[in-house]
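Step one of this worksheet: look at the structure below.
Every heavy atom of this structure was used, including side-chain atoms; hydrogens, water molecules and symmetry mates were not. Counting starts at 1 for both ligands and their atoms, in listed order.
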Amino acid sequence: MPKEMKSMSEITVFHKILAGEIPADKVYEDERCIVIRDIQPQAPVHLLCIPKEFIRDVSSISQETDPALLGHLLFVASQVARNEGIESSGYRLIFNCGEDSGQEVPYLHLHIIGGKKLPSLG
Ligand code: AMP
């Protein structure tokens with residue numbers, strides 16, 4: 001199997017959204033990532049910033065991973081938060097990683113959550 005081909009078990013919902021095979025409410029797109037609205041929002045604003053290049057999760061980041069891509073995801077998150085009107089009230093950015101975090105989709109994505117007072121993590 002060519003390296004770029006994925007087995008069926010590796011194809012996630014985000015692969016399908018990026019391929020245009022299933023619809024998503026896309027609020028932003030550039031050459032490196034998309035931002036969509038979460039289908040089960042946990043707050044008035046709940047977005048997912050997804051790189052176009054597949055990375056399974058934070059644990060999969062290696063020396064070969066482009067650090068500029070990771071920085072870009074954070075930059076885009078800040079810009080989208082501004083556009084959504086939650087910059088001044090504040091928001092939370094989350095990368096879930098692995099089973100205990102509750103990660104459901106094994107494709108790196110950055111949650112952007114705001115628009116209400118979020119529970120303290122402390
Ligand atoms: P995580 O638990 O960090 O893996 O988060 C995965 C997120 O993807 C969850 O918040 C889901 O609600 C969201 N999600 C799953 N399927 C879709 C979809 N088709 N469109 C938008 N968000 C989705």
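Counting heavy atoms from C-beta on, the side chains of K52 and E31 never come closer than 4.5 Å.
The environment of CG in D30 is crowded: more than 12 heavy-atom neighbours from other residues, nucleotides or ligands sit within 6.0 Å.
L110 contributes atom CG, which lies 9.0 Å from atom CD1 of I94 (distance to the nearest 0.5 angstrom). Annotation: the span from I61 atom CD1 to F95 atom CZ amounts to 6.5 Å, rounded to 0.5 Å. Of the inter-residue distances, the one linking R56 atom CZ with L108 atom CG reads 11.5 Å to the nearest 0.5 angstrom.
Protein residues lining ligand 1, listed by chain and number: V13, F14, I17, I36, R37, D38, I39, Q40, L48, N96, G102, Q103, E104, V105, H109, H111 [non-hydrogen atoms, distance under 4.0 Å].
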(request) Determine, stepwise, if the pair N83 / Y28 fulfils side chain to side chain contact (heavy atoms under 4.5 Å, CB included). (result) CA-CA 10 Å; N83 291 343; Y28 177 85; 5.8 Å; no
